Amino acid sequence: MPESVVDPVDTVTEVPVAVVGAGPAGLMLAHRLGRAGVDAVALDLRTREEIATTHRAGILEADAARDLVETGVGDRILREGHEHGGTELRFGGRAHRIDFRELVGASVWLYPQTEVFTDLADARERDGGTVHFGVRGTEVLDVGTDRPRVRFTAADGTRHELRARYVVGADGSRSTCRGLVPEALRTRYGTEYPFAWFGVLVRAPASAPELVYAHSEHGFALISRRTESVQRMYFQCDPDERTEDWPDGRIWETLQARVAGEDGFRLVEGPVLERSVLRFRSFVQEPMRWGSLLLAGDAAHTVPPTGARGLNLALHDVKVLAGVLLRALGAEGEAALADYQPLALRRIWRAQHFSSWMTRLLHTAPDASPFELRRQLGELDGVVGTRAGRAYLAEQYTGWPASA
Ligand code: PHB
């Protein structure tokens, strides 16, 4: 007996592409396909509100920002985002600016991922795309065949079945879709770090015009921004740190100690509005395609936040994937899918390297010896003190030319 008879649904929808996960990767894919006249239905366990208030990184490569603008979702970036032509590295108590424009002729945009999500969700609504937020009981079935299905219960309690030609798993770092690739066929690569980030949102004016990445013997700190009156800051902490143990005074003391230096630099303090501990790791699952299932964004790979690559990488994946899916749904057929992984993976491994390099460059391992600290300072000096070193960081940080 077919399953639909055993477990009836309220609606059955035929759709070329079903997208599991409606964060920036899933929505941008649906948006790109929609613009090419191909329907994609996206769904997410989280409510729209939950996704819109989950703070993530805030740096867009110039190419990613341009893609958002060119596809009609980015005019707010131009109005409310901030273009940064450089960044600051602080170590040994001194500031060193990396001038992206002068070194590689590029810049980045400070525009939080939560805003990218909001813009994409608004664009889907404006363009009549279907997105189901707050779904339950998602089942992804038959991805080994050319008739995959996605069944779920929508927020209003109705049961739905999508009958798709392709299913895209864009369901984030805790992806269930990636587990559908049979264990014998998949490889997971990854590494853990012995530290996490303590992230805060504070009500205070900006302390610096650009981002400040600080190395100190007490550990790493990052000073980022959100609005004129709200700032985003992070400091390295133990992965098991509890936010309850961190009153405002202790947070400011820690941050100030990590950015202190002979130039007398100090952060402008204010009330802490939000605090959270962000654990991270480096992870890649290959293959990114199995049967009718394709993985994109954090579902296939995650990077530590230090190099601000995560969102940019996800947007690159879906740029490549949209092109490949359009070919596969057109005259070329399934053979076109073979191009996805090689085009996406090259950038993924570059970003894996850069993110882990920048993480190790700036963080202090709990068991770091005096030798290791001095070795790190030597490496940092080599990065800021040579044009090749500065240009390397600038080129990696601002992104590489797109593969598609
Ligand atoms: C942020 O603004 O949240 C942010 C910026 C740069 C990073 C990570 C996070 O590398």
Side-chain angles (χ1 to χ4, degrees), residues 23-24 51-62 64-65 77 80-91 97-98 100 106-118 173 193 195-215 219-237 251 255 258-259 267 272-282 298 302-315 350-363 383 393-399:
I51 307 178
T53 53
T54 304
H55 297 292
R56 304 291 293 271
I59 292 287
L60 282 172
E61 294 167 4
I77 296 177
E80 297 173 27
H82 295 276
E83 191 171 8
H84 285 189
T87 196
E88 186 177 299
L89 289 191
R90 277 186 78 79
F91 60 92
R97 183 163 188 265
I98 308 287
F100 302 151
S107 58
V108 296
W109 284 81
L110 180 75
Y111 190 72
Q113 176 164 335
T114 43
E115 302 305 314
V116 174
F117 164 77
T118 297
S173 56
Y193 298 85
F195 34 73
W197 279 10
F198 198 105
V200 291
L201 273 180
V202 301
R203 182 170 309 287
S207 293
E210 293 172 339
L211 269 58
V212 178
Y213 287 85
H215 169 280
F220 169 77
L222 168 60
I223 311 307
S224 182
R225 307 176 51 164
R226 283 299 177 264
T227 64
E228 291 306 307
S229 57
V230 175
Q231 315 304 324
R232 181 73 165 147
M233 302 183 188
Y234 305 90
F235 58 88
Q236 174 187 339
C237 69
I251 289 172
L255 282 165
R258 293 188 187 188
V259 301
L267 301 166
V272 175
L273 307 174
E274 229 185 273
R275 62 201 82 204
S276 55
V277 172
L278 297 105
R279 293 171 172 231
F280 51 79
R281 61 181 179 146
S282 298
D298 279 3
T302 55
V303 288
T306 323
R309 298 291 79 206
L311 172 59
N312 293 292
L313 213 47
L315 292 175
R350 276 192 182 189
Q352 285 292 348
H353 166 67
F354 176 64
S355 304
S356 94
W357 173 75
M358 203 160 153
T359 301
R360 291 174 212 273
L361 178 71
L362 292 164
H363 290 70
V383 170
L393 195 147
E395 191 165 43
Q396 309 288 309
Y397 193 91
T398 56

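If you read the sequence from its start, that first residue is 1, and numbering goes on from there. Predicted model, so just to flag it, every value in this text is computed and none were measured. Both counts, for ligands and for their atoms, begin at 1 and track the order of listing.
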Starting from atom 5 (C) of ligand 1, locate the nearest protein heavy atom and write down its residue, its atom name and how far away it is, to 0.1 Å.
-> Leu211 CD2, 3.6 Å
Can you spot which of Arg56, Arg309, Arg281 makes a salt bridge (Lys or Arg N to Asp or Glu O under 4.0 Å) with Asp298?
-> Arg56
So the atoms of ligand 1 within less than 4.0 Å of a heavy atom of Ala308 turn out to be 6 (C), 7 (C), 10 (O)
Test of proximity, Tyr213 against ligand 1: N or O pairs below 3.5 Å = yes
For ligand 1, which atoms sit closer than 4.0 Å to a heavy atom of Ile59?
-> 5 (C), 6 (C)
Point-to-point distance, once rounded to the nearest 0.5 Å, from CD of Gln396 to CZ of Phe354 = 6.0 Å
So for Ala57 against ligand 1, with non-hydrogen atoms under 4.0 Å, the contacting part is both
Test item, Tyr111 contacting ligand 1 (heavy atom, 4.0 angstrom) | no
For atom 2 (O) of ligand 1, what is the nearest protein heavy atom, given as residue, atom name and distance?
-> Ser224 OG, 2.6 Å
Take the angle between the ring planes of Tyr213 and Tyr397 and call it parallel below 30°, perpendicular above 60°, tilted in between.
-> perpendicular
Considering only non-hydrogen protein atoms, determine which one is nearest to atom 3 (O) of ligand 1 and report residue, atom name and distance to 0.1 Å.
-> Tyr234 OH, 2.5 Å
So, do Ser355 and Thr306 sit near enough that their side-chain heavy atoms are less than 4.5 Å apart?
-> no
Report the nearest protein non-hydrogen atom to atom 4 (C) of ligand 1: residue, atom name, distance rounded to 0.1 Å.
-> Gly58 N, 3.7 Å
State whether a side-chain donor-acceptor pair under 3.5 Å links Glu83 with Ser107.
-> yes
Sub-4.0 Å atoms of ligand 1 with respect to non-hydrogen atoms of Thr306 | 10 (O)
Does some non-hydrogen atom of Arg226 fall short of 4.0 Å from ligand 1?
-> yes
Which ligand 1 atoms, with their elements, are less than 4.0 angstrom from a heavy-atom of Trp197?
-> 8 (C)
Taking only heavy atoms of Leu222 into account, list the atoms of ligand 1 that are under 4.0 Å away from them.
-> 6 (C), 7 (C), 8 (C), 9 (C), 10 (O)
Report yes if some N/O of Tyr397 lies less than 3.5 Å from some N/O of ligand 1; otherwise report no.
-> no
Compute whether any side-chain donor of one residue and acceptor of the other, for Ser282 and Tyr193, lie under 3.5 angstrom apart.
-> yes
Are any of the N/O atoms in Arg232 less than 3.5 Å from those in ligand 1?
-> no
Minimum heavy-atom separation for Leu315 to Pro24, with atom names?
-> CD2-O, 4.4 Å
closest protein heavy atom to atom 8 (C) of ligand 1 is Pro305 O, 3.4 Å
What do you reckon, is CZ of Arg232 surrounded by more than 12 foreign heavy atoms closer than 6.0 Å?
-> yes
Do the two ring centres, one from Phe198 and one from Tyr234, sit under 6.0 Å apart?
-> no
Side chain to side chain, Thr359 and Phe280, heavy atoms closer than 4.5 Å = yes
How about Thr53 and Thr114: do any of their side-chain heavy atoms sit closer than 4.5 Å?
-> no
Return yes when Arg56 approaches ligand 1 closer than 4.0 angstrom through a heavy atom, no otherwise.
-> yes
